[in-house]
Amino acid sequence: QVQLVESGGGLVQAGGSLRLSCAASGRTFSSYAMGWFRQAPGKNREFVARISRSGSSTYYADSVKGRFTISRDNAKNTMYLQMNSLKPEDTAVYYCAAATLVAVSTTPEQNRYWGQGTQVTVSS
C-alpha cells in the first residue's frame, strides 16, 4: 500500500500561481504511476494530469494544458503540480492519486489510492 498527503493549496488571485505537493510513503514511490484530480462543489471528480513512474511521460486535461505542469522527484517520494495563470474555474479540492498500473486512469473510480485533498481557491 501507499499513503498520500497533499499540501500547498490556498487562496490566490486570478492569474497567480500555486505549487501543490503530494508526499508518498509506504512502498517504493517509483513503483507507482501518479496523477492529479480535482473536484469542484456540486461536480464530479475530474482528471487534471498524470505522470509515468519514471517521470518521462505526462498527459494533461485540455482545460489545464499549457498552464499546469506535473512532475515528480522519486528520490524525495514526492509529486508536484505547478499551476500558473490560475482562473476562477480552477477552484476545487485537488487530490493526488496513485496506481500500480502503467498509468493512472483518467476515470477516477478506476484508481485505488487517494490522498485527502487540498483546497485551491482562485478569486476574480
Side-chain angles (χ1 to χ4, degrees):
Q1 65 177 3
V2 62
Q3 295 79 46
L4 306 171
V5 180
E6 303 94 336
S7 63
L11 176 64
V12 65
Q13 291 185 331
S17 298
L18 284 173
R19 190 191 194 197
L20 305 183
S21 298
C22 175
S25 62
R27 292 183 176 178
T28 302
F29 181 63
S30 61
S31 298
Y32 294 90
M34 302 290 294
W36 288 97
F37 294 75
R38 66 187 182 186
Q39 188 166 18
K43 296 184 178 180
N44 293 326
R45 193 167 300 186
E46 67 174 350
F47 169 77
V48 175
R50 69 185 182 193
I51 189 167
S52 63
R53 288 175 290 179
S54 69
S56 62
S57 179
T58 59
Y59 179 70
Y60 299 89
D62 288 342
S63 59
V64 306
K65 190 175 298 183
R67 300 188 298 120
F68 291 9
T69 302
I70 189 171
S71 63
R72 66 191 295 165
D73 187 339
N74 287 347
K76 296 182 178 180
N77 292 347
T78 304
M79 176 183 64
Y80 306 96
L81 185 68
Q82 178 66 47
M83 305 186 294
N84 299 326
S85 301
L86 283 163
K87 305 174 181 179
E89 50 262 47
D90 295 319
T91 295
V93 176
Y94 283 71
Y95 299 89
C96 63
T100 54
L101 303 173
V102 295
V104 161
S105 174
T106 58
T107 302
E109 293 77 12
Q110 295 182 351
N111 301 301
R112 176 177 294 184
Y113 303 107
W114 296 92
Q116 292 300 306
T118 185
Q119 177 72 50
V120 172
T121 303
V122 184
S123 62
S124 60

* For the pair W114 and Y95, name the ring-plane relationship: parallel under 30°, tilted 30 to 60°, perpendicular over 60°. => perpendicular
* Asked: Quick one: does M34's side chain get under 4.5 Å of L4's, heavy atoms only?
  -> yes
* What's the shortest heavy-atom distance between A92 and A40, and which atoms? -> CB-N, 3.8 Å
* Closest non-hydrogen atom pair between L81 and A49, with its separation -> CD1-CB, 4.5 Å
* Asked: Do V122 and W36 share a hydrophobic cluster, counting only Ile, Leu, Val, Met, Phe, Trp and Tyr and linking them when any side-chain heavy atoms are less than 4.5 Å apart?
  -> yes
* Asked: Would you say the side-chain atoms of R72 pair up with the backbone N or O of F29, donor to acceptor, closer than 3.5 Å?
  -> yes
* Just by distance, do the side chain of R50 and the backbone of I70 share a donor-acceptor pair under 3.5 Å? -> no
* Asked: Are F47 and I51 in one and the same hydrophobic cluster, where Ile, Leu, Val, Met, Phe, Trp and Tyr link if side-chain heavy atoms are under 4.5 Å apart?
  -> no
* Asked: Do any N or O atoms from the side chain of T118 and from the backbone of Y94 form a donor-acceptor pair under 3.5 angstrom?
  -> no
* Of all the heavy-atom pairs spanning V104 and A33, show the shortest one and how long it is. => CG2-O, 3.6 Å
* **T28 side, atom OG1; N74 side, atom CG - distance, nearest 0.5 Å** => 10.0 Å
* Would you give the length of the straight line joining atom CZ of F37 to atom CG of N111, rounded to the nearest 0.5 angstrom? => 4.5 Å
* Asked: Salt bridge or not for K87 and D90, using N-O below 4.0 Å?
  -> no
* Within-4.5 Å side-chain heavy-atom neighbours: M83 and R67 -> no
* pair R38-S63: side-chain heavy atoms closer than 4.5 Å -> yes
* For the student: nearest non-hydrogen atoms of P88 and A14, plus distance -> CD-CB, 4.2 Å
* Asked: Less than 4.5 Å apart, any side-chain heavy atom of T69 and any of Y60?
  -> yes
* To do: Flag the pair M79 / L20 as yes when at least one side-chain heavy-atom distance between them is below 4.5 Å, and no otherwise.
  => no
* When you measure from the side chain of D73 to the backbone N and O of T78, does any donor-acceptor pair fall under 3.5 Å? -> no
* Check whether any side-chain heavy atom of Y32 sits under 4.5 Å from a side-chain heavy atom of T100, and report yes or no. => yes
* Check whether any side-chain heavy atom of S30 lies under 4.5 Å from a side-chain heavy atom of R53, and answer yes or no. => no
* Mark yes or no for whether E6, through its side chain, and Q116, through its backbone, hold a donor-acceptor pair below 3.5 Å. => yes
* V64 reachable from Y80 in the ILVMFWY side-chain graph, under 4.5 Å edges -> no
